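Take a look at the structure set out below.
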Amino acid sequence: MAAMFGSLTRLTGRTLPSTVRQFCSTRPVLSQGGGHDLGMYIKPNGFQKFILVFGKIYKKKADIPDRVSFLQMKKAFDVVRGRSLVIMVVSAFAGAYLMILSGRKLRDSGDTLILRGTAQEQAWREQGIREREEEAKK
């Protein structure tokens with residue numbers, strides 16, 4: 001990790017924020033085997049184990065080994081990012097649809113924002129007139 005951000009530190013003279021350092025605290029460890037997994041493994045923490053299960057890389061937290069390949073973690077984060085995107089888009093459309101339905105219901109019942117606004121404005125005017133009359137009587 002230091003090799004990745006070492007040039008940033010040399011150029012700016014600043015170190016990484018503590019949140020980035022804390023997130024990147026599980027340093028990749030080079031494996032002996034190699035292969036097409038880049039030979040890098042990390043020891044997942046609790047949140048990363050949750051991501052591995054939610055990303056359907058493993059079925060249960062108990063199935064997760066002590067060291068997980070870097071590419072598996074990357075794939076799990078990508079899957080979770082995609083799922084959360086879909087969840088947010090669906091919830092936004094559902095919220096918009098519910099707002100449309102409630103607006104139509106209020107419109108059909110005769111309760112509109114224009115009527116509410118004019119009624120409130122009329123009440124404020126009447127209150128102002130009453131206050132002026134009370135001040136004039138004093």
Side-chain angles (χ1 to χ4, degrees):
M1 195 56 133
M4 218 170 14
F5 293 108
S7 60
L8 176 71
T9 305
R10 280 193 303 273
L11 290 174
T12 62
R14 297 181 184 173
T15 59
L16 292 173
S18 63
T19 54
V20 174
R21 279 181 285 171
Q22 185 179 18
F23 181 73
C24 299
S25 64
T26 55
R27 296 177 185 261
V29 179
L30 292 176
S31 70
Q32 303 298 326
H36 57 274
D37 64 348
L38 299 179
M40 298 175 69
Y41 288 83
I42 63 170
K43 185 175 180 182
N45 58 22
F47 176 71
Q48 290 170 334
K49 287 181 180 181
F50 170 77
I51 293 294
L52 286 167
V53 173
F54 187 67
K56 293 193 177 180
I57 304 297
Y58 294 100
K59 291 187 178 185
K60 297 180 285 187
K61 279 190 175 182
D63 296 341
I64 300 173
D66 290 340
R67 293 186 183 238
V68 179
S69 75
F70 183 74
L71 292 180
Q72 279 183 331
M73 280 304 304
K74 186 177 175 185
K75 181 180 178 183
F77 273 104
D78 290 342
V79 169
V80 169
R81 189 178 305 118
R83 286 185 180 185
S84 62
L85 173 76
V86 169
I87 290 170
M88 287 188 284
V89 167
V90 167
S91 63
F93 279 117
Y97 183 70
L98 289 175
M99 288 178 63
I100 290 169
L101 288 180
S102 67
R104 286 182 180 171
K105 184 178 177 182
L106 288 173
R107 179 195 64 193
D108 294 341
S109 69
D111 186 19
T112 63
L113 289 177
I114 293 174
L115 291 176
R116 284 185 192 180
T118 54
Q120 183 66 37
E121 190 175 326
Q122 185 66 29
W124 286 335
R125 282 186 185 148
E126 291 173 0
Q127 182 183 1
I129 291 171
R130 272 187 260 123
E131 288 176 358
R132 282 190 224 120
E133 289 175 353
E134 289 174 7
E135 288 177 8
K137 289 180 182 177
K138 289 181 183 181

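What you are looking at is a predicted structure, and each value in this text was computed from that prediction instead of being measured.
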Report task. Using a strict cut-off of less than 4.0 Å between a Lys/Arg side-chain nitrogen and an Asp/Glu carboxylate oxygen, indicate whether E121 and R125 qualify as a salt bridge. Result -> yes
Query raised in the report: Taking only residues two or more places apart in sequence or in another chain, which ones pass side-chain contact (heavy atoms from CB on, under 4.5 Å) with R130?
Result: E126
Report task. Quick one: which residue pairs count as a salt bridge (Lys or Arg N to Asp or Glu O under 4.0 Å) with a foot in residues 72-100, not counting sequence neighbours? Result -> D78-R81
Report summary line: Closest non-hydrogen contact found for I64 with P44 is CG2-CG, 4.1 Å
Report task. Find the distance between OH (Y41) and CD (Q72) and round it off to the nearest 0.5 Å. Result -> 7.5 Å
Query raised in the report: Between CD1 of I51 and CE of M73, what distance do you get to the nearest 0.5 Å?
Result: 7.0 Å
Query raised in the report: Is D63 close to L52 at the side-chain level, that is, under 4.5 Å between some pair of heavy atoms?
Result: no
Requested in this report: Taking all non-hydrogen atoms of both residues into account, name the closest pair between D111 and R116 and its distance.
Outcome: OD2-NH2, 2.9 Å
**Report entry** Linked, directly or transitively: F47 and F54 (ILVMFWY side chains, under 4.5 Å)
**Finding:** yes
Query raised in the report: With hydrophobic residues grouped by side-chain heavy-atom distances under 4.5 Å, do V80 and V68 end up in a single group?
Result: yes
Query raised in the report: When you look at CD1 of I114, are more than 12 heavy atoms from neighbouring residues, nucleotides or ligands closer to it than 6.0 Å?
Result: no
Report task. Count the heavy atoms of every other residue, nucleotide or ligand shown that sit under 6.0 Å from CG of D66, and state whether that count exceeds 12. Result -> no
Report task. Would you indicate whether the side-chain heavy atoms of K49 and Y58 approach each other to under 4.5 Å? Result -> no
Report task. Could you list who else is in Y97's hydrophobic cluster, with ILVMFWY side chains joined at under 4.5 Å, directly or through other members? Result -> L101
Query raised in the report: Do L71 and V79 share a hydrophobic cluster, counting only Ile, Leu, Val, Met, Phe, Trp and Tyr and linking them when any side-chain heavy atoms are less than 4.5 Å apart?
Result: no
Query raised in the report: Do the non-hydrogen side-chain atoms of I42 and Q48 ever get within less than 4.5 Å of each other?
Result: yes
Query raised in the report: By the rule that ILVMFWY residues connect when side-chain heavy atoms come within less than 4.5 angstrom, directly or transitively, which residues belong alongside V90?
Result: V86
Query raised in the report: What residues form a side-chain contact (heavy atoms from CB on, under 4.5 Å) with E134, not counting sequence neighbours?
Result: none
Requested in this report: Evaluate whether atom CG of L98 has more than 12 neighbouring non-hydrogen atoms of other residues, nucleotides or ligands under 6.0 angstrom away.
Outcome: yes
Report task. Could you tell me which residues satisfy side-chain contact (heavy atoms from CB on, under 4.5 Å) with R107, sequence neighbours excluded, listed by chain and number? Result -> R104
